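Structure first, commentary second.
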Amino acid sequence: MANGATSSSGSSKLPAVTVRMLQVFYLVEVQVALVVKKPPASAGLKGHGRAGGREYAKSTFEKRRPYTSAGGRVSALEGGREEEAPPAAGAVPSAQWASGRQPEAAAELILLRGIFEIGRDSCDVVLSERALRWQPIRPERLTGDSKYDFLHKEEFVELKDIFSVKLKRRYSIKQQGSGTLLGITLFICLKTEKNKLKDSTLDLINLSEDHCDIWFRQFKKILAGFSNRPKSLKILLNPQSHKKEATQVYYEKVEPLLKIAGIKTDVTITEYEGHALSLLKECELQGFDGVVCVGGDGSASEVAHALLLRAQKNAGLETDSILTPVGAQLPLGVIPAGSTNVLAHSLHGVSHVVTATLHIIMGHIQPVDVCTFSTIGKFLRFGFSAMFGFGGRALAVAENHRWMSPNQRMDFAIMKALAKLKPEECEISFLPFNSSQDLEERRAQGYPKSDCNDQWQMIQGQFLNVSIMAIPCQCSVAPRGLAPNTRLNNGSMALITARNTSRPEFIKHLKRYASIKNQFNFPFVDTYTVEEVKVCPKSNSSGHHPEEDHGPHETASGNCFPWNVDGDLMQVASEVHVRVHPRLINLYGRSMEEMNDSKVTCSCL
């Protein structure tokens, strides 16, 4: 009992003294298995004495099957493989940690073994290289007792889902010092319904200071081995996002989790539009592992643009004309605190603050394609998506009515843009997308190099709306996304054009985005998968007058066309050239398609 075993708390009807004696007998039996009993010759294990005993104990322990209950399953987030989580938040009872599938443990080394109280049971706990396993210590019964066998099953949690460990202590008002030790608390990331993540705890109760210190140090050593997890973050917080709730969201939901994970933070509250851009151009980022934006789509796009501009500057590239940009040096985390949160929704499959925060803590990285927007001889900006025509005009109206609440402002802007719905005369040229696999196949078949790349194609006419998107652009009002067939990092963009039609038909098209029906199943809607796009408005004779929509955004020429780029208003008077650049920035998160794929490939579900 040198490892500090604790007694069972009411888990058996036997007298307490009898339960204690049975625990002692169980430990003696374990020690005999570890030290005395030799492994069977058929096991093929090498070594004798303690080494051979450890291997034998490990092999016999791994033969036990996990306990599958009606409760949840422990999360497995690495590599896009997730499992259903317990329904209740906070501390999770022992039975709810059961999983239907154990990690492969044939070659695992057992690091520690001891007794802890978990829930209401005294448990035999084993810490291996990949998982923490435990099962209740029960008195032996006659063989064939199915009820007893059911209660004797093993449970586990994988180490990669643990993000923090703390010593659990009880404090009293009169007590001096560090309080009374109760055991160890593990903080674990679990997957719940609809791609959401949540934090939960597992308490390992043991009153022995020495016993807990050994286990605590081992857990700290294991967590230190996850080198992809950030240890220091630069936080940029936009207090004006949505209903001015970003500050409350960060300090009530995000910061407590970052503190539990032991992540150092440096918070800057932005004071005006463009503040994050100017700040990231000059500030020192040497000691940070990533940058986190707390705000809406406009804020996130501004920070991504700033990080990419900084990367070009550090690489010695001219920012006036960027043809082949270099990737951002630090990953970006996006905490959704805006009105639509398109980027966060497309990245995680849900707009959920705790989910976004846990992806950052766990160090989940998702490379994402980024577009460059440029006009004739001049680079404009980086971005993920853009709309021209109806989408641009609606944003211009909304920006001129910032005094309204976010929901009222968007509703008003859409209604006004629909009331003045008129097409734009445009010439659109694009380069169709060819995957690298297609190109290799065509070259292998002997096609000339010039024929392996499709030539530019052109369409022209009157268009009510033109959308160019390198991400799916999902949100609460468009759950499938504005571009549902687009992926985050396949090196292509979706070009979606809506030609001139009647107002009722165009409204039907817009309403389809909120349903599961195909929003492109209209004769006036065309979709293309492209690598580059050029949009050239012919004139401003369609009846669009900037002074009616823009207000303070009106330019000197008064002849600019509004573009909606990631929720930011961009006004350009001439042709706009859009290029997609594969995997140009890393974002903290897991894409929704990865999470959905994991449900199919994971054999335990």
Side-chain angles (χ1 to χ4, degrees), residues 71-92 96-99 101 103 131-132 156-165 185-202 223 226 228-230 233 249-250 252-263 290 292-294 300 331-337 341 343-366 368 474-476 479 488 586-602 604-605:
R73 294 189 172 103
V74 178
S75 168
L77 296 174
E78 189 175 67
R81 300 174 69 88
E82 296 86 8
E83 303 177 15
E84 188 182 352
V92 180
Q96 289 188 326
W97 289 106
S99 173
R101 177 177 179 269
L132 178 74
F156 72 90
V157 59
E158 294 190 65
L159 300 184
K160 62 185 177 61
D161 296 328
I162 302 173
F163 65 88
S164 185
V165 58
T185 298
L186 301 178
F187 295 86
I188 301 173
C189 176
L190 300 176
K191 183 180 180 297
T192 63
E193 77 288 349
K194 296 180 181 178
N195 300 312
K196 288 184 179 179
L197 303 180
K198 77 169 189 175
D199 61 297
S200 190
T201 58
L202 177 66
L223 293 180
F226 294 108
N228 60 314
R229 297 182 181 180
L233 294 170
V249 165
Y250 176 75
E252 291 185 4
K253 295 183 178 181
V254 180
E255 187 184 56
L257 284 174
L258 297 180
K259 284 185 176 180
I260 289 174
I263 298 175
V292 175
C293 171
V294 186
L332 170 62
V334 180
I335 303 296
N341 302 308
L343 184 57
H345 206 127
S346 299
L347 186 62
H348 311 308
V350 65
S351 178
H352 188 242
V353 171
V354 173
T355 296
T357 305
L358 287 173
H359 278 304
I360 295 171
I361 290 172
M362 303 301 288
H364 298 156
I365 295 294
Q366 178 69 42
V368 178
Q474 295 162 313
C475 60
S476 58
L488 292 173
N586 286 329
L587 301 184
Y588 285 113
R590 288 276 193 250
S591 65
M592 190 178 73
E593 56 265 23
E594 283 188 18
M595 291 188 171
N596 288 340
D597 290 344
S598 70
K599 295 179 182 178
V600 176
T601 58
C602 187
C604 63
L605 296 180

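What you see is a predicted model; the values in this text were computed from it and never measured.
- In this structure, CG in L347 is found 10.0 Å from CD in Q474, a value given to the nearest 0.5 Å.
- Using modelled atom types, no side-chain atom of T201 and backbone atom of T185 make a donor-acceptor pair closer than 3.5 Å.
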**OP:** Determine, step by step, whether L197 and H359 satisfy the side-chain contact (heavy atoms from CB on, under 4.5 Å) criterion, reporting the C-alpha distance in whole Å, the side-chain angles of both residues, the deciding distance to 0.1 Å, and the verdict.
**Re:** CA-CA 8 Å; L197 303 180; H359 278 304; 3.6 Å; yes
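- When all heavy atoms of G333 and I360 are compared, the closest pair comes out as CA-CD1, 3.9 Å.
- In this structure, the side chains of L587 and L343 come closer than 4.5 Å at one or more pairs of heavy atoms.
- In this structure P331 satisfies the side-chain contact (heavy atoms from CB on, under 4.5 Å) test together with I365, N586, Y588, sequence neighbours excluded.
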Subject >> Residues L358, L190; criterion side-chain contact (heavy atoms from CB on, under 4.5 Å); working and verdict >> reply: CA-CA 9 Å; L358 287 173; L190 300 176; over 6 Å; no
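- L223 pairs in a side-chain contact (heavy atoms from CB on, under 4.5 Å) with only one of the listed residues (L159, V165, L186), which is V165.
- Here the closest heavy-atom approach between residue L332 and residue A300 is recorded as CD2-O, 4.0 Å.
- Every residue two or more places apart in sequence or in another chain that forms a side-chain contact (heavy atoms from CB on, under 4.5 Å) with S351 is listed here: P336, N341, H345.
- Judged purely by atom type and a 3.5 angstrom limit, S164 has no side-chain atom pairing as donor or acceptor with the backbone of F187.
- In this structure a side-chain-to-backbone donor-acceptor pair under 3.5 Å is missing from T357 to V254.
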**OP:** I would like to know whether R229 and M362 meet side-chain contact (heavy atoms from CB on, under 4.5 Å); could you show each step before the answer?
**Re:** CA-CA 6 Å; R229 297 182 181 180; M362 303 301 288; 3.3 Å; yes
**OP:** I would like to know whether L257 and V354 meet side-chain contact (heavy atoms from CB on, under 4.5 Å); could you show each step before the answer?
**Re:** CA-CA 8 Å; L257 284 174; V354 173; 4.1 Å; yes
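- Across every non-hydrogen atom of V353 and K253, the tightest pair is CG1-CB, 4.0 Å.
- Here the closest non-hydrogen pair linking V334 and A344 is CG1-CB, 4.3 Å.
- Shown here for K194 and V350, the closest heavy-atom pair between the two residues is O-CB, 3.9 Å.
- Here the side chain of N228 pairs a donor or acceptor atom with the backbone of G363 at under 3.5 angstrom.
- Considering CG of D199 and SG of C189, their distance stands at 8.5 Å, rounded to 0.5 Å.
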